[in-house]
Undergrad: 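Okay, here's the structure, questions in a sec.
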Amino acid sequence: MKMHFPPLVALLTLVGAASATERHARFVRKYNYARDTTTSSMPASTGTSSSATSSGSTTAPAATTSAATTTGAAATGPQTNTWGTTIPPLSQITSGMPSQPTLPPTATYPAGATPPISGAPVLPTPFVYQAGSWPPQDQIAPTDSTEVSEWMQELNGFDIPDIPPTADGTCVGDPAAAADAADRGWWTCGGYTRDTDITACPDKLTWGVSFDDGPAFYSKQLLDYLSSINVTSTFFVVGSRVIERPQVLIEEYMTGHEIAVHTWSHRPLTMLTTEQVVAELGWTRKAIKDVLGVTPTLMRPPYGDIDDRVRAISLAMGMVPVIWTRTPSGATFDTNDWKVPGGTVNGSQSFATFQAILNNATLLDTGFIVLEHDLYPQTVDLAIGYTLPAALSFSPHLTMEPIGQCNKIPDTNLYRESNQNTSFPYPNITSGDSSVPSGSGGSSSDSKTSGSISALNTDAIPMTIIGTAVMAAFSALLL
């Protein structure tokens, strides 16, 4: 199914995407991971911390968990949380803000511990990083390895559309690809989705909570706060971060949060070759399994950058794409929190965006998914000091659930090893993983423009997901 948006709207909405994407990628690579020494198995990271300054002035007062029952209501602060972290006022959440102390993982989960997923294997032997066994961190994963050759076999029997890579994953960087976005099913340029994409929660006023780019140094603060408010989330994790912070990932998983794939180096996937996409997904999947013993069945493309080729690869590898909610006008449910560390947005502006998202979410017939991050201290401060408290006190009441749960996906189906449904997310006899039960392979098909690949069983994706994609696509919501 295609979604059609006026090309002019798409171009006007996304004209700044190229520079924003590159700024984000540079800042991730430069962020100073070396200042936390609490994890002995952590590989060394290169680069220095950013010294960019915030753009614009901020005057909004700090929010508190006892704020009024509608977003936009002011409160005074700063807020001091129960575990002793003081959240700065919004005016102080900027790219140049002082870093607060990090919290080490406090829970210990030994090898053999039973996870909260029925049928999932026990935790494996503790992960120990060995540099020669992994690709360079934060660089596009190389394709000349035995592992990638094996993962490429997972595509056998599936119709991977012959769509050439984009120049850089942005509309302005590749006008020819942007003009063909509808046929490509390219989300970045026009918001095109397919029935196999998860783009919202089916139930009205339900927020599918998620955080991207960790596990990171400030993820522990976020985990503590989520525990204090009895909310679980989906964490879309980057492989380069997983091998740095395995204990944080274990705590996320063992405390009931959903774990999903967010690639190895956080590059726009449409700009990569098919072999590189397989490597980006495969190495992240392997890192997660080496740490947790399970293989996620959900993934999120960095920047939401996905087309029918990337979808087909992801599904053939057993992962359902998840994107945040987007309106027909091209506006997205992106808090822009990731722009605060880079200095292009300040805390007040990011929180104002979130307030607009909540207010406009009431106009949807479905629930919604919002883009937030746990990589930076600024984004975690915004989450635990402002966005999450605002959602808790919002009127009308919001239900807050991780994305798999809000889409009625049984938690067992979120990992291949515990999945009891042989048609979800995708049966694949050439998985290359002897520990995963095999299903039936695919056959050739020319259904490129439908967004499906040849072996797609109409029962493979729950009807809630299909309905959600359709309803979210045609919603009249305007930010």
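When a residue number appears, it is its place in the shown sequence, counting from 1.
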Undergrad: Carefully, step by step, assess D381 and Q378 under the rule side chain to side chain donor-acceptor pair (under 3.5 Å).
TA: CA-CA 5 Å; D381 280 346; Q378 294 92 336; over 6 Å; no
Undergrad: A side-chain contact here means heavy atoms from C-beta on lying under 4.5 Å apart; do P389 and Y225 qualify?
TA: yes
Undergrad: Could you give the distance from CH2 (W134) to CD (Q137), rounded to the nearest 0.5 Å?
TA: 11.0 Å
Undergrad: Does L414 reach the side chain of I409, with side-chain heavy atoms less than 4.5 Å apart?
TA: yes
Undergrad: One pair to check against side chain to side chain contact (heavy atoms under 4.5 Å, CB included): Q276 and L269. What are the steps and the verdict?
TA: CA-CA 8 Å; Q276 287 173 326; L269 291 180; over 6 Å; no
Undergrad: Where do N413 and N421 come nearest, in terms of heavy atoms and distance?
TA: ND2-CB, 3.6 Å
Undergrad: Less than 4.0 angstrom from a charged side-chain N to a carboxylate O is my criterion; do D224 and K220 meet it?
TA: yes
Undergrad: Considering only heavy atoms from C-beta outward, does the side chain of I313 approach that of V278 to under 4.5 Å?
TA: yes
Undergrad: Could you check whether any side-chain heavy atom of T366 comes within less than 4.5 Å of a side-chain heavy atom of D203, counting everything from C-beta outward?
TA: no
Undergrad: So, S350 and D337: side-chain donor and acceptor under 3.5 Å apart, yes or no?
TA: no
Undergrad: Under a plain distance cut-off of 3.5 Å, with no hydrogens placed, do E258 and T232 share a side-chain donor-acceptor pair?
TA: no
Undergrad: Going from CZ on R309 to OG1 on T166, what distance comes out if it is rounded to the nearest 0.5 angstrom?
TA: 8.0 Å
Undergrad: Can the ring centroids of H373 and F211 be said to lie less than 6.0 angstrom from one another?
TA: no
Undergrad: List the atom of A279, the atom of T143, and the distance in Å for their closest heavy-atom pair.
TA: CB-CG2, 4.4 Å
Undergrad: Does the cation-pi check pass for R245 over F217, that is, NZ or CZ under 6.0 Å from the six-membered ring centre and within 45° of its axis?
TA: yes
Undergrad: Quick check: closest heavy atoms across L382 and L90, and the distance to 0.1 Å?
TA: CD2-CD2, 3.7 Å
Undergrad: Excluding sequence neighbours, so at least two apart, what forms side-chain hydrogen bond (donor to acceptor under 3.5 Å, both in side chains) with D290?
TA: K286
Undergrad: Over all heavy atoms of both residues, which pair between Y253 and I259 is shortest? Give the atoms and the distance, please.
TA: CB-CG1, 4.0 Å
Undergrad: For S210 and S233, which heavy atoms make the closest approach, and how far apart are they?
TA: CA-OG, 3.3 Å
Undergrad: Look at R311 together with D308 and state whether they make a salt bridge at an N to O cut-off of under 4.0 Å.
TA: yes
Undergrad: Less than 4.5 Å apart, side chain to side chain, heavy atoms only: is that true for P135 and P142?
TA: yes
Undergrad: Pick one: which of D213, D374, D138 meets salt bridge (Lys or Arg N to Asp or Glu O under 4.0 Å) with R241?
TA: D138
Undergrad: Evaluate the criterion side chain to side chain contact (heavy atoms under 4.5 Å, CB included) for residue pair D305 and W187; output intermediate values, then yes/no.
TA: CA-CA 6 Å; D305 187 50; W187 186 88; over 6 Å; no
Undergrad: Residues two or more places apart in sequence or in another chain: which of them pass side-chain hydrogen bond (donor to acceptor under 3.5 Å, both in side chains) with T297?
TA: none
Undergrad: Just verifying a value: how many Å separate I229 CD1 and L392 CG, rounded to the nearest 0.5 Å?
TA: 4.5 Å
Undergrad: Evaluate the criterion side chain to side chain contact (heavy atoms under 4.5 Å, CB included) for residue pair E251 and V248; output intermediate values, then yes/no.
TA: CA-CA 5 Å; E251 186 164 343; V248 176; 5.8 Å; no
Undergrad: Contact between S314 and V277 at the side-chain level, heavy atoms closer than 4.5 Å - yes or no?
TA: no
Undergrad: Less than 4.0 angstrom from a charged side-chain N to a carboxylate O is my criterion; do D334 and R326 meet it?
TA: no
Undergrad: Are Y303 and H266, when compared by the centres of their aromatic rings, separated by less than 6.0 Å?
TA: yes
Undergrad: Distance check, rounded to the nearest 0.5 Å: R285 atom CZ versus E280 atom CD?
TA: 13.0 Å
Undergrad: Do T263 and L281 have side chains that approach each other closer than 4.5 Å (heavy atoms only, starting at C-beta)?
TA: yes
Undergrad: How long is the gap from OG1 on T284 to CH2 on W264, to the nearest 0.5 Å?
TA: 6.5 Å
Undergrad: Would you please indicate yes or no on a ring centroid separation below 6.0 angstrom for W207 and F354?
TA: yes
Undergrad: Going through the checks in order, is the side chain to side chain contact (heavy atoms under 4.5 Å, CB included) test met by V148 and W283?
TA: CA-CA 8 Å; V148 175; W283 281 111; 3.8 Å; yes
Undergrad: Test salt bridge (Lys or Arg N to Asp or Glu O under 4.0 Å) on K289 and E147 and set out the steps.
TA: CA-CA 14 Å; K289 182 167 183 178; E147 289 89 348; over 6 Å; no
Undergrad: Using 4.0 Å as the upper bound for N to carboxylate O, is an ion pair formed by E372 and R300?
TA: no
Undergrad: For G304 versus I323, what's the shortest heavy-atom pair and its separation?
TA: CA-CG2, 4.3 Å
Undergrad: State, yes or no, whether a side-chain contact exists between L103 and Y218 at a heavy-atom distance under 4.5 Å.
TA: no
Undergrad: Nearest 0.5 Å, please: how far is SG in C406 from CE in M400?
TA: 12.0 Å
